[in-house]
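Scope of the values below: all heavy atoms of this structure, side chains included, with no hydrogens, waters or symmetry mates. Here is how names work: the chains are called A, B, and so on, in the same order as the sequence lines, proteins then strands, and each is numbered from 1.
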Amino acid sequence: MTQKLTPSASPLPPPGRDKPSKEGYTEGLMTQAASFTARLNPPQARAVSHSQGPLLVFAGAGSGKTRVITYRIANLIARHQVPPHRILAVTFTNKAAGEMRERLEHLIGPKVARDIWVGTFHATCSRLLRRYAADVGLTRDFVIYDDSDQHAVIARVIKDLKYDEREVNPKNMLGRILKEKQEGRGPGDMVAQGFQGKTLQEVFAGYERALKLANAVDFEDLIGHMMRLAESKNLPAGQELRNCFDHVLVDEFQDTNQVQYRLVRALVPRTRNLCAVGDDDQSIYRWRGGDVRLIRNFRNDFPDATVVKLEQNYRSTARIVRAALAVISPSLEREPKQLFTQNEEGSRITVVTARDEHDEAAYVTGRMRQLLDEGASPDQLAVFYRIHAMSRVLEESFRIARIPYRVIGGVRFFDRAEVKDLLAYLRVLLNPRSDVDLLRIINVPARGIGESTLARLTEMAAERGCSLYDALGPTADSPTLAAAPRKKLATFLDLLNSYRRFATTLTPSKLAELIFSDTGYKHSLEEENSAEADARLQNIKELIGSMREYEEEMAEAGEAATLASYLERVTLSTSAEEAKDQKQVSLMSIHSAKGLEFDHVFVLGLEDGIFPYERPGDEDGSDLEEERRLAYVALTRARKQLFLLRATNRTLFGFSRPNPPSRFLRDLPRHDVSLIVTENAALPGRRAPIRPMPSWSSGSSFHSARPASPPSRRFPEERQVEPDPSSFLDESGLPRKGTRVIHQRFGSGTITAVDGISSPPRVTVYFPSWGEKKVLLEHLKLG
DNA sequence: GTACGTTCGATTTTT
DNA sequence: TCGAACGTAC
């Protein structure tokens with residue numbers, strides 16, 4: 001046995017195990033080590049072979065980032081003899097963590113890869129927090145509250161504090177509290193100003209108290225608790241944590257928030273072996289706490305950091321890379337980088353001007369059909385939009401055209417009421433102090449525990465300063481309650497306690513089944529006999545199925561499928577929607593597109609107001625900066641072909657309004673763009689030709705209830721407008737200066753200025769006999 | 001306790 | 001426009 005490489009007493013064993021593997025880690029890997037760097041370009045190789053001290057990698061879109069991280073880890077293990085379980089690699093999504101793990105297994109073998117700490121910030125911290133729960137005043141069985149749980153807690157706190165709910169909005173409060181927490185502040189040290197600040201502070205303090213009392217943490221706490229432990233100078237846990245890892249690597253570093261940053265920094269005090277990999281140009285989660293300054297100012301905290309820039313793009317055509325670079329370049333304060341590629345030129349980027357969202361959808365649908373007919377694989381086609389609400393029109397169009405699609409994001413499986421109900425039962429059994437869960441199920445299905453009974457119970461819990469569950473017992477001899485409600489509460493308590501006995505003996509799926517039938521929940525759904533109830537039954541079936549799957553999976557890995565581990569997994573992972581079949585076109589928001597790539601990409605709604613999305617109060621323009629980065633992310637997802645669409649008129653949230661083209665379109669390099677104007681787009685000066693009403697063919701009357709698009713709108717009847725300098729419109733669809741135009745009242749004139757922002761669009765025109773006039777674009781014709 | 005009408009509000013989303 | 005979330009009436 002080669003023991004020499006296994007470390008002596010290590011504070012932390014490999015994830016999920018007691019002891020590190022006994023095998024010599026580097027056996028057989030040494031020979032591979034040389035080949036790691038052979039397949040890399042020079043900057044990639046520099047990042048991979050760097051072994052000591054801070055490292056900052058700016059990884060441009062499609063520059064082989066994951067490859068660099070995984071190779072670097074392999075290199076650390078094989079060449080520098082770093083024990084795998086002393087390496088921590090954190091990501092933001094489970095998907096990214098899974099991919100990293102998979103590639104590591106491939107590279108260095110499953111046995112070695114298994115010992116590396118690879119996971120999301122939250123999963124990693126959750127695992128560590130189970131170990132150190134006592135140090136932060138929790139028990140090992142703490143539960144994790146998701147947003148709706150958080151919302152419920154806040155609402156209760158506001159009510160308890162007797163605030164007027166109209167004055168103190170729970171959503172708003174929660175948002176502010178999360179922001180404080182993401183920046184590492186508690187109710188005590190937040191920057192509270194004025195009346196608003198005082199209120200916030202009270203609610204914040206109440207919220208924190210409620211969580212502690214419930215033995216619960218929110219997502220921020222998972223990281224916050226670990227950060228405070230790791231930073232603490234006096235606690236033994238702090239000492240231990242600071243000695244756990246020899247190397248910490250962070251992926252998507254531009255998305256880290258203050259707390260996450262402080263945590264990883266605290267974990268490597270001795271070695272300062274922190275490797276940050278990210279791209280400030282792709283920082284799009286500011287509203288979630290992500291702070292792009294952390295990557296940009298990394299060198300302030302680590303002045304000796306080695307900086308590597310990966311600028312060669314291996315994903316997209318040259319035209320796409322140029323366009324993306326042109327869109328991001330006007331960004332202020334960005335780290336200087338020049339994305340480039342050796343890939344072929346590729347086809348021009350198509351900028352399409354449609355009349356409205358239906359016209360836009362018709363174009364996309366037509367093109368999709370064409371691409372599919374030409375043999376493109378549906379899973380290589382994607383449509384992105386800024387807001388989910390924009391998917392509906394496209395969906396209708398796709399459905400009529402029978403284009404198979406799936407929408408990513410939106411309503412999630414684990415947000416369904418019945419799923420949450422059943423999970424709440426399970427969580428209460430594990431951690432009865434969780435008030436939010438208890439309140440959720442105390443009367444589901446109906447057991448006659450109504451509002452007034454609950455008020456009593458809540459009151460009693462408040463008097464005793466205990467959880468609702470702990471207040472249940474004493475209600476038995478409470479004089480303030482009538483006999484009937486007392487009995488009901490007692491029955492409920494008995495029910496919970498009897499289930500609790502099964503919590504450790506039954507598997508999660510069996511327990512869930514038991515609860516579902518035994519409580520009468522199942523029966524009540526079956527009785528209802530409606531389509532909705534059927535769907536709910538189906539969802540529960542699916543939930544229990546997912547539990548069984550989980551149990552099988554754990555059995556294969558030789559681990560125990562406990563209730564606690566299942567619940568943790570459920571709250572820390574999104575949904576089961578991944579890995580569906582590959583025969584569908586993907587529709588998603590640009591945010592969810594990050595990290596993905598497709599051959600052909602359509603981006604909808606390139607209009608000022610929509611994308612960049614505009615809302616009041618962006619004085620410093622930082623929102624606009626982030627929108628620009630979002631545009632960069634959207635463009636860099638495409639491998640071969642990119643379609644950017646805009647509608648001159650768009651109805652959204654019930655309001656129809658004309659939108660000027662997105663300012664981002666104006667940044668595109670003219671020679672890499674083809675302009676298309678759909679047949680229906682009523683462009684200023686060129687009215688859409690009046691066509692005879694098309695006669696409906698017999699076949700299409702099937703959908704006559706609401707014909708989405710008359711045949712006249714069908715692709716490919718569009719005009720192509722070459723970006724020629726004499727054209728009335730420039731490449732962003734705006735009129736050019738110097739263009740001769742005719743106005744009905746003022747006669748002929750020349751455009752002297754263009755207002756690209758206003759909506760509806762206006763231009764300034766010099767009319768020889770009237771002087772300069774500002775007029776609406778739609779009143780002009782080409783002269 | 002449920003069924004229905006009404007209001008309100010509506011980027012982006014992981015964990 | 002549309003959906004969820006809330007309040008009122010049975």
Side-chain angles (χ1 to χ4, degrees), chain A residues 90-97 119-127 129 144-152 155 165-166 169-172 175 178 181-182 217-224 252 255-257 259-260 283-290 357 384-393 396 408-412 414-417 443-454 524 528 530 532 568-575 578 588-595 605 609-616 618 623 626-627 629-631 633-634 650-657:
Chain A
V90 276
T91 62
F92 276 88
T93 64
N94 292 300
K95 199 172 157 217
T120 63
F121 265 105
H122 298 272
T124 305
C125 287
S126 175
R127 175 161 261 158
L129 194 56
I144 303 166
Y145 278 0
D146 68 10
D147 355 338
S148 69
D149 301 324
Q150 292 171 33
H151 190 87
E165 273 215 39
R166 277 164 305 181
N169 172 266
K171 222 179 197 172
N172 180 273
L178 291 183
K181 293 183 86 163
Q182 282 158 357
V217 295
D218 60 21
F219 290 125
E220 274 62 41
D221 287 336
L222 285 172
I223 297 156
E252 305 280 11
D255 290 333
T256 47
N257 65 33
V259 176
Q260 289 159 339
S283 163
I284 55 172
Y285 285 112
R286 193 169 72 115
W287 49 278
R288 221 164 73 183
E357 66 275 13
F384 306 153
Y385 32 77
R386 184 62 183 79
I387 347 178
H388 279 302
M390 290 165 69
S391 74
R392 213 195 78 241
V393 176
E396 278 168 16
I408 314 267
V411 203
R412 291 177 299 176
F414 288 104
D415 282 343
R416 311 267 163 75
N443 204 29
V444 175
R447 354 185 127 80
I449 301 178
E451 207 178 319
S452 53
T453 313
L454 272 183
S524 73
E528 206 179 303
S530 66
E532 294 92 64
E568 168 161 326
R569 156 107 136 220
V570 155
T571 23
L572 289 183
S573 74
T574 346
S575 65
E578 290 297 337
M588 68 188 88
S589 71
I590 302 167
H591 282 88
S592 16
K594 201 176 93 167
I610 302 287
F611 190 19
Y613 194 83
E614 228 167 80
R615 81 207 124 289
D618 178 32
D623 287 349
E626 183 147 317
E627 295 290 315
R629 297 194 289 264
L630 197 54
V633 168
R650 183 177 299 276
T651 306
L652 200 62
F653 302 136
F655 293 103
S656 173
R657 63 168 195 195

Under 4.0 Å, heavy atoms only, any strand: does A:Phe219 hit a base, just the sugar-phosphate, or nothing? base

Considering only nitrogen or oxygen atoms on both sides, find all protein atoms under 3.5 Å from nucleotides 3-10 of chain C and state each distance.
none

Rounded interatomic separation in angstrom, taking CD from A:Glu451 and P from B:dT2: 14 Å

Between A:Phe121 and A:Phe92, what is the ring plane arrangement, given parallel below 30°, perpendicular above 60°, and tilted in between? tilted

With a non-hydrogen cut-off below 4.0 angstrom, is A:Asp146 in contact with a base, only sugar-phosphate, or nothing? nothing

Can you measure A:Leu178 atom CG to B:dT14 atom C1' for me and round it to whole angstrom units? 13 Å

Checking ring-ring contact (aromatic ring centres under 6.0 Å, His included) between A:His591 and each of A:Tyr613, A:Phe384, A:Trp287, which is the one that passes? A:Trp287

Between C:dA5 and B:dT12, how far apart are the two P atoms, rounded to whole Å? 15 Å

Set out, line by line, the N/O atom pairs under 3.5 Å between protein and nucleotides 7-12 of chain B.
| from | atom 1 | to | atom 2 | distance (Å) |
| --- | --- | --- | --- | --- |
| B:dT11 | OP1 | A:Tyr613 | OH | 3.2 |
| B:dT11 | O4 | A:Arg615 | NE | 2.6 |
| B:dT11 | O4 | A:Arg615 | NH2 | 2.9 |
| B:dT12 | OP1 | A:His388 | N | 2.9 |
| B:dT12 | O4' | A:Arg386 | NH1 | 3.4 |
| B:dT12 | O3' | A:Ser589 | OG | 3.3 |
| B:dT12 | O2 | A:Trp287 | NE1 | 3.2 |
| B:dT12 | O2 | A:Arg386 | NH2 | 3.4 |
| B:dT12 | O2 | A:His591 | NE2 | 3.4 |

Nearest-Å distance for atom pair OH/P, residues A:Tyr385 and B:dT13: 9 Å

Look up atom CD1 in A:Ile610 and atom CD1 in A:Ile387, then write down how far apart they are to the nearest 0.5 Å. 5.0 Å

Does the pair A:Arg386/A:Glu627 count as a salt bridge with the N-to-O cut at 4.0 Å? yes

Donor-acceptor pair, A:Gln182 side chain versus A:Glu220 backbone, under 3.5 Å? no

What is the distance, rounded to the nearest whole Å, between atom CD1 of A:Ile408 and atom P of B:dT14? 11 Å

By nearest nucleotide on DNA chain B, pick out whichever of A:Phe92 and A:Asn443 is the more 5' one. A:Asn443

Going by a 90° cut-off around 0, is B:dT11 syn or anti? syn

When rounded to whole Å, the CG to P distance for the pair A:Asn94 and B:dT13 reads 16 Å

Walk me through it: do A:Asp255 and A:Lys594 pass the test side chain to side chain contact (heavy atoms under 4.5 Å, CB included)? CA-CA 12 Å; A:Asp255 290 333; A:Lys594 201 176 93 167; 2.5 Å; yes

Measuring from atom NZ of A:Lys181 to atom CG of A:Asp221, what distance do you get when rounded to the nearest 0.5 angstrom? 3.5 Å

Given 3.5 Å as the limit, does a donor-acceptor pair link the side chain of A:Glu626 with the main chain of A:Asp623, or not? no

Can you tell me how far P of B:dT14 sits from NE2 of A:His122, to the nearest Å? 11 Å

note: A:Gln182, atom CD; B:dT15, atom C1'; distance rounded to Å ~ 11 Å

Would you name the heavy atoms of A:Met588 and A:Ala593 that are closest together and state the gap between them? SD-CA, 3.6 Å

